[in-house]
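This is a predicted model, so every value here is computed, not measured. Quick note: numbers below take in every heavy atom, side chains included, and nothing from hydrogens, waters or symmetry partners.
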Amino acid sequence: LDQIMQEDYFEKTDYFDLEGLLIPIRWTDFKQHTSFFIPCVKCTRLRNQIIDKAEKANVVIEHKEVVEKGVKGIRVWRLV
């Protein structure tokens, strides 16, 4: 049952709540060795959401708070 629940979670579109702005993520479309960047000013809450939702989807990620082209945010890489 736990495996089925994890697979269902992996298949669905999930959302990160960035201070009221919902940012969609579909884990099945997030392929290995790719990344995404989400701009943020206060990144702690967003970082915690990303970690929690990736773990529930059984997706292994690496993340880092970065500044890209003068914009602060979080870069997330999918490892497995």
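Taking 4.5 Å as the limit, every side-chain heavy atom of Val41 sits out of range of all side-chain heavy atoms of Lys72. The side-chain heavy atoms of Phe37 and Val66, taken from C-beta on, include a pair separated by under 4.5 Å. Residues Trp27 and Lys53 meet the side-chain proximity criterion, which asks for heavy atoms closer than 4.5 Å.
Atom-to-atom distance recorded for His33:NE2 and Leu79:CG is 8.0 Å, nearest 0.5 angstrom. Rounding to the nearest 0.5 Å gives a distance of 10.0 Å between CZ of Arg47 and SG of Cys40. Atom CD of Glu62 is separated from atom CZ of Arg78 by 14.5 Å, given to the nearest 0.5 angstrom. Put simply, CG on Asp14 and CG on Leu22 are 10.5 Å apart, with the number rounded to the nearest 0.5 Å. One distance of note links CD1 of Ile50 with CD1 of Ile61; it measures 6.5 Å at 0.5 Å rounding.
Partners of Glu19 under the salt bridge (Lys or Arg N to Asp or Glu O under 4.0 Å) rule, at least two apart in sequence or in another chain, do not exist in this structure. Listed by chain and residue number, Phe36 satisfy the ring pair (Phe, Tyr, Trp, His ring centres under 6.0 Å) test with Phe30 (two or more places apart in sequence, or in another chain).
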Is there a side chain to side chain contact (heavy atoms under 4.5 Å, CB included) between Thr13 and Ile25? Walk through the geometry before answering. CA-CA 6 Å; Thr13 300; Ile25 177 72; over 6 Å; no
Please assess Leu18 against Gln49 for the test side chain to side chain contact (heavy atoms under 4.5 Å, CB included), listing each intermediate value before the final yes or no. CA-CA 10 Å; Leu18 179 61; Gln49 286 181 65; over 6 Å; no
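For the ring-ring contact (aromatic ring centres under 6.0 Å, His included) condition, no pair includes a residue of residues 52-80, sequence neighbours left out.
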